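The structure appears right after this line, and notes come after that.
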Amino acid sequence: MVRVRFAPSPTGFLHVGGARTALFNYLFAKNQNGVFVLRIEDTDLERSTKESERSLLRTMKWLGLDWDEGPDVGGPKGPYRQSERLDIYRRMAYALVEKDKAYEAYVLPEELEAIRGKMLENKESPHYSYEIISQYDTPERRQEFARKGWSPVVYFKMPQKEYVLNDRIKGRVAFKEGTIGDFVIFRSTGVPIYNFAVVVDDALMEITHVIRGDDHLSNTLRQLALYEAYQMPLPEFAHVSMILGPDGSRLSKRHGATAVENFREMGYLPSSLLNYLALLGWSHAQDNEICALEEMIRTFSLERVSSNPAIFDAEKLRWVNGMYIRQLTPEAMLENAVPFITEAGFMGPENVDANKKWLLEAMKAIQNEIHQLDEIPGQLSPFFTDPIPTTETLRSLEDDGLSPAFKLLYERFDTINAWEITDIVSTIKAVVKETKTNPKSFYHMLRVVLTARDTGPELVYIVHLLGRNKVLNRLGRLGV
RNA sequence: GCUCCCGUCGUCCAGUGGUCUAGGACAUCGCCCUUUCAAGGCGGAAACCGGGGUUCAAACCCCCGCGGGAGCGCCA
């Protein structure tokens with residue numbers, strides 16, 4: 001049984017890189033009929049917050065990446081929050097001490113600094129070893145620690161040998177002997193260090209495949225040594241490359257929106273965000289770029305995950321979102337649009353039902369015009385505001401000789417029986433023909449008069465949606 | 001500095017020794033459709049980081065450069 005996990009630390013919003021890692025884990029699990037575990041890595045007491053954890057779960061749910069085991073739903077291998085597993089880590093750390101594979105250290109941080117500085121001065125790699133650290137392990141020191149109520153930290157004895165990792169994405173990765181020295185696994189505060197906690201958790205939670213960002217690749221050396229020390233079976237590793245900003249450096253806030261939450265606010269659909277993120281590193285065997293979650297699950301494989309870093313292309317994401325918006329039924333589009341419509345103040349949520357018919361037509365009218373849901377208020381505003389024509393508009397109406405046509409159009413609209421799309425179209429066409437007006441400039445002017453802009457939905461939709469009263473009102477004040 | 005990863009159009013991805021005069025997508029340019037913009041359709045321009053090998057044959061394999069990224073904390 002395949003078991004994978006996504007293990008974010010609750011120190012802020014879920015960003016797109018994390019979302020992609022989560023997605024790859026999810027896709028792999030579902031493709032293999034496996035289990036997707038969510039684990040909260042909150043051993044950094046300083047930075048972890050409950051609020052971040054809540055927002056993380058909320059965002060994951062919004063994306064539709066549901067987990068089988070996790071802090072909220074529980075599961076057989078819990079708890080799923082590292083802060084609730086502290087006793088386990090202590091036990092595991094001291095098991096290593098007993099086997100002489102780790103040791104307590106009674107060094108002070110400033111002493112460590114001094115050692116480090118000296119090694120750097122001698123142009124040595126700043127690696128700690130038992131020989132160095134144990135010098136401080138004297139009876140006097142132990143007494144001093146005891147007296148002051150300090151706990152020793154636990155260092156892991158890093159075996160000096162070469163380690164080889166067979167990564168599912170990177171291939172064979174060899175870490176030379178002597179790359180790193182001994183390292184801390186357990187803090188004096190009773191909280192474990194990341195590299196230690198992951199190994200303990202992944203092993204105990206019986207994770208079979210570790211799919212994560214390649215910023216963890218170098219860490220894997222430590223983890224390999226720990227698995228070996230415990231004689232525990234190694235999971236498969238798959239290191240996905242980083243997402244970079246347009247300047248080629250690691251994607252961060254200074255590149256603009258990076259939190260999934262930001263994209264939700266801008267009117268991105270979860271499906272398009274997921275689809276785009278998958279495209280960033282993974283490729284469909286048949287080149288189907290636009291494919292929904294189901295299709296991705298069906299066709300996902302680690303073999304088709306690329307090993308090079310990818311620059312985040314907001315333009316393409318936008319295009320993908322446009323594709324998904326256009327696939328929406330008017331009903332689905334309206335459902336997604338409601339928050340944006342109410343927030344713009346066009347109508348309260350309680351009025352949506354009463355205006356449903358009109359809103360659905362409006363959705364159809366603007367569906368091809370937008371790439372993000374937050375463009376909806378702009379598209380709809382001519383229906384809810386009253387754009388006054390500028391003197392410039394009035395002058396060009398005169399100059400282009402369009403006045404007679406507009407006069408006739410007013411009369412016809414005033415007397416037309418039914419206000420239906422077909423009637424509106426035939427009326428407009430007849431007016432243009434009868435007055436021998438240049439269609440192009442007439443249509444453009446009509447748009448400007450009705451909406452005060454020169455882009456937007458199809459004109460007939462605008463006329464129809466505006467309704468006879470508003471149309472006559474806006475035409476009537478032209479003074480033609 | 002040390003260690004590790006990566007290097008195909010501006011960007012993402014395909015390509016796993018011959019089928020590559022290198023393919024697709026976004027963006028870009030042009031044309032068509034059309035009442036403008038958009039959407040849609042058609043077409044164009046655009047890339048194998050450099051140098052050495054290996055081989056009958058290299059974008060694909062090896063080495064060396066160069067460039068980019070990551071990690072080297074009682075952060076994760």
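Source: prediction; values computed, not measured. Note on naming: letters A, B, ... go to the chains in the order of the sequence lines (proteins, then strands), and numbering restarts at 1 for each one. Just so you know, these numbers use all the heavy atoms, side chains as well, and skip hydrogens, waters and symmetry mates.
- The residue Glu41(A) sits close only to the backbone: its heavy atoms come under 4.0 Å of sugar-phosphate atoms, none of a base.
- Following rounding to the nearest Å, Phe156(A) (CZ) and C74(B) (P) show an atom-to-atom distance of 16 Å.
- The base-pairing partner of A45(B), taking Watson-Crick or G-U wobble contacts with both distances under 3.5 Å, does not exist among the strands shown.
- Nearest nucleotide to the side chain of Pro109(A), out of C12(B), C74(B), C6(B): C74(B).
- Annotation: salt bridge (charged side-chain N to carboxylate O under 4.0 Å, His left out) contacts involving residues 45-57 of chain A, sequence neighbours excluded, comprise Asp44(A)-Arg47(A), Lys50(A)-Glu53(A), Glu51(A)-Arg54(A), Glu51(A)-Arg58(A), Glu53(A)-Arg81(A).
- Look at Thr455(A) and you won't find any side-chain N or O under 4.0 angstrom from OP1 or OP2 of U36(B).
- When heavy atoms are screened at a 4.0 angstrom cut-off, Arg304(A) is found touching the sugar-phosphate backbone but no base atom.
- Counting to the nearest Å, the C1' atom of C5(B) and the CZ atom of Arg212(A) are 14 Å from each other.
- A distance of about 26 Å separates the P atoms of C48(B) and C5(B), rounded to the whole Å.
- Between Phe28(A) and His209(A), the distance separating the two ring centers is shorter than 6.0 angstrom.
- Rounded to whole angstrom, the span from the CD atom of Gln327(A) across to the P atom of G40(B) amounts to 11 Å.
- The residue Gln367(A) sits apart from the nucleic acid: no heavy atom pair falls under 4.0 Å.
- Side-chain to base pairing of Ser188(A) with C74(B): one donor and one acceptor N or O lie within less than 3.5 Å of each other.
- If you take atom C1' in G69(B) and the same atom in G30(B), they sit 38 Å apart, rounded to whole Å.
- Residues that satisfy the ring-ring contact (aromatic ring centres under 6.0 Å, His included) test with Tyr136(A), not counting sequence neighbours, are absent from this structure.
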Practice prompt. Show the numbers, then the answer: is there a side chain to side chain donor-acceptor pair (under 3.5 Å) between Asp182(A) and Tyr103(A)?
Written response: CA-CA 10 Å; Asp182(A) 295 354; Tyr103(A) 53 90; 2.7 Å; yes

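- For the pair Ile185(A) CD1 and C74(B) P, the computed distance is 13 Å after rounding to whole Å.
- Here Met119(A) lies out of heavy-atom contact (under 4.0 Å) with every strand.
- When heavy atoms are screened at a 4.0 angstrom cut-off, Arg318(A) is found touching no nucleic acid atom at all.
- Comparing the C1' positions of G51(B) and A58(B) gives an interatomic distance of 15 Å, to the nearest angstrom.
- Closest heavy-atom contact between Phe13(A) and Ala259(A): CB-CB, 3.8 Å.
- Straight-line distance between the P atoms of A45(B) and C6(B): roughly 34 Å, to the nearest whole Å.
- Of the candidates C4(B), U35(B), A39(B), C4(B) carries the atom nearest the Phe175(A) side chain, counting heavy atoms from C-beta on.
- Base pairing analysis places G71(B) opposite C2(B); the two distances defining the Watson-Crick or G-U wobble pair are each below 3.5 Å.
- Here the two rings, on Phe156(A) and Phe186(A), have centers that are 6.0 Å apart or farther.
- Between Arg254(A) and Asp247(A), at least one side-chain nitrogen of the basic residue sits less than 4.0 Å from a carboxylate oxygen of the acidic one, meeting the salt-bridge criterion.
- Across all strands shown, C32(B) is found opposite G40(B) as a Watson-Crick or G-U wobble partner, with both distances under 3.5 Å.
- The same atom, P, is picked in G10(B) and in A22(B); the two are 15 Å apart, to the nearest Å.
- Ala285(A) comes within contact range of no nucleotide atom at all, as no heavy-atom separation falls under 4.0 Å.
- In this structure, Phe312(A) has its ring center under 6.0 Å from that of Tyr276(A).
- Of all nucleotides present, none satisfies the Watson-Crick or G-U wobble test against U55(B) with each distance under 3.5 Å.
- In terms of heavy atoms, Ser252(A) sits closest to Thr258(A) at O-CG2, 3.4 Å.
- For G50(B), the paired nucleotide is C64(B), the pair qualifying as Watson-Crick or G-U wobble because both relevant distances are below 3.5 Å.
- Nucleic acid contact for Val153(A): base, since at least one base atom lies under 4.0 Å from a heavy atom of the residue.
- Among the atoms of the strands shown, only primed sugar atoms or phosphate atoms (P, OP1, OP2) are found under 4.0 Å from some heavy atom of Thr43(A).
- Rounded to a whole Å, the CE atom of Met296(A) is 16 Å from the P atom of C13(B).
- Look at CG on Leu280(A): it is 12 Å from P on A14(B), rounded to the nearest Å.
- At the heavy-atom level, Gly178(A) lies nowhere under 4.0 Å from the strands shown.
- Rounded to whole Å, the distance from CG on Asp454(A) to P on U36(B) is 12 Å.
- Between Arg172(A) and Arg447(A), it is Arg172(A) whose nearest contact on RNA chain B lies nearer the 5' terminus.
- Residues Phe300(A) and Phe24(A) place their aromatic rings such that the two centres sit under 6.0 Å apart.
- A gap of 29 Å separates the C1' atoms of A46(B) and G52(B), to the nearest Å.
- Counting only residues at least two apart or in different chains, side-chain hydrogen bond (donor to acceptor under 3.5 Å, both in side chains) contacts with residues 109-119 of chain A comprise Glu111(A)-Arg141(A).
- G44(B) and U3(B) have their C1' atoms separated by 47 Å, with the value rounded to a whole Å.
- Residues satisfying the ring-ring contact (aromatic ring centres under 6.0 Å, His included) criterion with His127(A), sequence neighbours excluded, are absent altogether.
- At whole-Å resolution of the value, CZ in Phe196(A) and P in A76(B) are 13 Å apart.
- Ranked by how close their nearest RNA chain B nucleotide is to the 5' end, His284(A) and Val173(A) are led by Val173(A).
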Between the protein and nucleotides 64-73 of chain B, list every N/O to N/O distance that falls short of 3.5 Å.
from   : atom 1 : to        : atom 2 : distance (Å)
G71(B) : OP1    : Arg250(A) : NH1    : 3.4
G73(B) : OP2    : Arg116(A) : NH1    : 2.8

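- Taking a cutoff of 4.0 Å between a charged side-chain nitrogen and a carboxylate oxygen, Asp201(A) and Arg5(A) do not qualify as a salt bridge.
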Worksheet item: Reading nucleotides 27-33 of chain B 5' to 3', which nucleotides get B (base under 4.0 Å from a protein heavy atom), which S (sugar-phosphate only), which -?
Response: S------

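- To the nearest whole angstrom, the two P atoms, one in G68(B) and one in U36(B), are 48 Å apart.
- G23(B) is paired with C13(B) under the criterion used here, namely a Watson-Crick or G-U wobble arrangement in which both key atom distances are under 3.5 Å.
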